[in-house]
Amino acid sequence: MKLLVFLLLLQLCGSADCRCFCQVTGNLDDCACDVETIDHFNNDQLFPKLQNLLESDYFRFYKVNLNKPCPFWTSSSHCGLRHCAVKPCSPNEVPEGIRSPSHNKYSADANKQLEECEKEQHLGAVDVSLSDETREALLDWSKYDDEAERFCVVDDEASPDSQYVDLLLNPERFTGYKGPEAWQIWNSIYEENCFKPYTVKRPLLPDSFRSSSGGEARKFYSWLDGQCVEKRAFYRLVSGLHASINIHLSARYLLDDNWFQREWGHNVTEFRQRFDSELTAGEGPKRLRNLYFLYLIELRALAKVLPFFQQPSFHLYTGRPEEDKKHKEQLLQILQLARSFPLHFDERSLFAGDEKEAAKLKEDIRLAFLNISKIMDCVDCFKCRLWGKLQTQGLGTVLKILFSERQIEALPMSSNQRPSFQLSRQEIVSLFNAFGRISTSVRELKNFRSMLAEER
Ligand SMILES: Cc1cc2nc3c(=O)[nH]c(=O)nc-3n(C[C@H](O)[C@H](O)[C@H](O)COP(=O)(O)OP(=O)(O)OC[C@H]3O[C@@H](n4cnc5c(N)ncnc54)[C@H](O)[C@@H]3O)c2cc1C
């Protein structure tokens with residue numbers, strides 16, 4: 001009997017679906033949640049609702065500067081790659097309410113309230129009693145305060161180079177961006193910004209495993225296990241994001257491109273190249289588990305930020321009151337659903353030690369992530385740059401939320417003062433769209449699972 005079970009297992013694990021997914025099950029490290037609970041919650045409940053919301057005007061138009069020069073090296077441009085092109089919106093395609101600059105940071109009411117209150121409390125006082133220089137310095141300080149809490153670079157919306165992009169017309173999918181340029185980006189993210197010493201080698205191409213017979217991978221994981229939970233979490237977030245991008249390009253692959261048609265769809269071979277344990281020397285399933293970890297962290301931030309969106313003065317302002325109201329209700333339902341998730345990541349396990357050390361660690365992580373968001377301006381393919389910028393900004397916003405618990409809780413009390421916590425429209429749009437990408441990836445895994453099972 002035992003022999004029969006053994007043979008059955010051997011047969012199962014010899015199949016491609018098992019080699020991709022057999023280890024993508026059960027509890028996730030560093031948290032109390034498991035893969036199956038996330039699958040069920042996401043695929044059956046959250047994913048359809050979120051997709052619906054992301055199709056609304058407020059969330060589909062994202063303002064971004066795709067023309068910023070790379071601050072680290074001279075990058076070549078892949079605008080020559082046909083599938084890398086991004087089509088920006090012409091001004092009349094974007095609803096007036098979104099374009100109007102006064103609605104960028106706050107809702108209509110909150111904006112007015114804030115402006116009046118700022119005038120009374122700050123600028124009024126400054127004008128009478130302080131010199132112009134001091135006044136300017138004060139404005140600089142408040143800008144600095146805003147920057148100080150950020151985990152990613154935010155494009156200057158007022159810059160003439162910043163343009164609205166319709167995310168539904170420019171979907172994240174296979175672009176053909178690969179080779180040394182793409183590797184340079186991933187490499188500099190992992191090597192220079194994930195706290196890893198150069199002497200510890202990252203598990204790389206399958207060939208490098210064969211030559212080192214897995215020794216380098218073992219060294220890498222013993223280094224990672226020896227790290228504090230925060231740095232380990234940071235690596236897993238980045239790796240989860242990388243996995244998500246690669247799932248999308250495998251799920252929306254260019255299957256056929258001829259005079260008559262262009263067909264996009266699932267490419268199971270491409271998926272296996274990236275996630276089959278046999279083809280990735282055991283790495284693929286670990287990457288998929290990191291995707292689930294990223295999902296949990298982003299979900300936690302959505303649950304936490306609910307009080308911000310519950311403020312009566314907050315509107316998803318596009319200038320069409322009926323629709324705006326309906327979409328706000330949808331958004332609140334999604335956030336309530338996120339709150340109801342039974343096995344949330346407990347962020348109290350992070351930064352729990354000595355206060356001084358925790359503050360230093362938090363700052364290190366903030367700066368590392370800030371740097372990763374700058375690297376996105378070095379991505380040569382515009383389409384990849386667009387989604388890379390959006391997703392790092394979304395993740396940066398997630399971190400900002402998780403580190404602002406007290407300020408978010410204080411919000412209901414701060415109605416007559418400067419709000420204790422703010423999110424700009426850009427941050428809101430990137431937060432939800434970035435989570436939409438991760439949620440879609442988890443949903444796509446279900447598709448790949450059944451496609452691979454059919455091949456068996
Ligand atoms: C910011 C960014 C956005 C991109 N967006 C797109 C896009 O929208 N469409 C598109 O077609 N291409 C996109 N790409 C390119 C894509 O991610 C790959 O780089 C490309 O397909 C080449 O893949 P590869 O198999 O050579 O390995 P890569 O994905 O380039 O990975 C390099 C090495 O990193 C390791 N690795 C791979 N995955 C992980 C992981 N999850 N965790 C840890 N290590 C890992 C492997 O050892 C691998 O050899 C993007 C690249 C970047 C940097």
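In each ligand, atom 1 is the first atom listed, and ligand 1 is the first ligand listed. In what follows, residues are counted from 1 in the order of the sequence shown.
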Asker: May I ask whether G240 has any heavy atom positioned less than 4.0 angstrom from an atom of ligand 1?
Answerer: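 For ligand 1, residue contact (heavy atoms, under 4.0 Å) with G240 is absent.
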
Asker: Below 4.0 angstrom from a heavy atom of I185, which ligand 1 atoms are there? Numbered from 1 as shown, please.
Answerer: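 Taking each heavy atom of I185 in turn, ligand 1 has 53 (C) under 4.0 Å.
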
Asker: Need the ligand 1 atom indices (1-based, order shown) with element for anything under 4.0 Å from a heavy-atom of A243.
Answerer: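 Numbered from 1, ligand 1 contributes 41 (N).
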
Asker: Does anything in residues 32-55 pair up under ring pair (Phe, Tyr, Trp, His ring centres under 6.0 Å), and if so which pairs, sequence neighbours excluded?
Answerer: F41-F341

Asker: So which bit of M376 gets within less than 4.0 Å of ligand 1, heavy atoms only: side chain, backbone, both or neither?
Answerer: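 Side chain only.
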
Asker: Any side-chain heavy atom of L249 sitting closer than 4.5 Å to one from T175?
Answerer: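 With C-beta onward as the side chain, the pair stays apart.
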
Asker: Under a 4.0 angstrom heavy-atom cut-off, which atoms of ligand 1 come close to G176?
Answerer: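 So the answer, numbered in order with elements, is 11 (O).
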
Asker: Can a non-hydrogen atom of R202 be found less than 4.0 Å from any atom of ligand 1?
Answerer: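 Distance cut 4.0 Å: R202 passes for ligand 1.
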
Asker: With a heavy-atom distance limit of 4.0 Å, tell me whether P203 approaches ligand 1 through its side chain, its backbone, both, or neither.
Answerer: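 Backbone only.
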
Asker: Which of these, W183, W186, Y235, W387, has its nearest heavy atom closest to atom 2 (C) of ligand 1?
Answerer: W186

Asker: Heavy atoms only: which of R274, K178, K286 lies closest to atom 23 (O) of ligand 1?
Answerer: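 Checking each option, the heavy atom nearest atom 23 (O) of ligand 1 is found in R274.
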
Asker: So for R173, does at least one of its heavy atoms come nearer than 4.0 angstrom to any atom of ligand 1?
Answerer: yes

Asker: Distance under 4.0 Å to a non-hydrogen atom of F174: what atoms of ligand 1 satisfy this?
Answerer: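 What qualifies from ligand 1 is 11 (O).
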
Asker: Are E323 and K326 close enough for a salt bridge, meaning some N to O gap below 4.0 Å?
Answerer: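 No, no charged N to carboxylate O under 4.0 Å.
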
Asker: Using only heavy-atom distances, determine whether the side chains of R437 and N433 contain a donor-acceptor pair under 3.5 Å.
Answerer: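 Checked: R437/N433 side chains show no N/O donor-acceptor pair below 3.5 Å.
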
Asker: Tell me which one of F275, Y177, Y190, Y253 gets a heavy atom nearest to atom 20 (C) of ligand 1.
Answerer: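 When every heavy atom of F275, Y177, Y190, Y253 is considered, Y177 comes closest to atom 20 (C) of ligand 1.
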
Asker: Can we say the SG-SG distance for C84 and C381 is below 2.5 Å?
Answerer: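 Yes, the SG atoms sit under 2.5 Å apart.
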
Asker: Can you classify the ring geometry of F195 versus F234 as parallel (below 30°), tilted (30 to 60°) or perpendicular (above 60°)?
Answerer: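 Answer is perpendicular, since the angle exceeds 60°.
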
Asker: Do the numbers put R236 on top of the ring of F293, so that NZ or CZ is under 6.0 Å from the six-membered ring centre and no more than 45° off the axis?
Answerer: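 Yes, cation above the ring, under 6.0 Å and within 45°.
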
Asker: For I245, take its heavy atoms, then give the atoms of ligand 1 lying under 4.0 Å from any of them.
Answerer: 3 (C), 4 (C), 5 (N), 6 (C), 17 (O)

Asker: Could you tell me how the ring of F435 sits relative to the ring of Y295: parallel (under 30°), tilted (30 to 60°) or perpendicular (over 60°)?
Answerer: tilted

Asker: For ligand 1, does T175 get within less than 4.0 Å through its side chain, its backbone, both, or neither, judged by non-hydrogen atoms?
Answerer: both

Asker: So which of S250, S239, G388 gets nearest to atom 41 (N) of ligand 1, if we judge by its closest heavy atom?
Answerer: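 Shortest heavy-atom distance from atom 41 (N) of ligand 1: S239.
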
Asker: With sequence neighbours excluded, what pairs up with K219 under the side chain to side chain donor-acceptor pair (under 3.5 Å) test?
Answerer: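 Result, side chain to side chain donor-acceptor pair (under 3.5 Å) vs K219: none returned.
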
Asker: Pick whichever of I247, N187, I375, N246 has a heavy atom sitting closest to atom 17 (O) of ligand 1.
Answerer: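 Nearest option to atom 17 (O) of ligand 1, by heavy atoms: N246.
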
Asker: Would you call the rings of Y253 and F174 parallel, tilted or perpendicular, where under 30° means parallel and over 60° means perpendicular?
Answerer: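 Rings of Y253 and F174: tilted, as their planes differ by 30° to 60°.
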
Asker: Which option wins on minimum heavy-atom distance to atom 45 (C) of ligand 1: R287, E270, K383?
Answerer: R287

Asker: For atom 29 (O) of ligand 1, which candidate among H242, H83, R437 provides the closest heavy atom?
Answerer: H242

Asker: Counting from 1, what ligand 1 atoms have a heavy atom of A182 closer than 4.0 Å?
Answerer: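 What qualifies from ligand 1 is 19 (O).
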
Asker: Under 4.0 Å from a heavy atom of E172: which atoms of ligand 1 are those, numbered in the order shown and with their elements?
Answerer: 8 (O)

Asker: Could you tell me whether E172 and K383 have a side-chain N and a carboxylate O separated by less than 4.0 Å?
Answerer: no

Asker: Would D377 and K389 pass as an ion pair if we require N to O under 4.0 Å?
Answerer: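 Salt bridge present between D377 and K389.
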
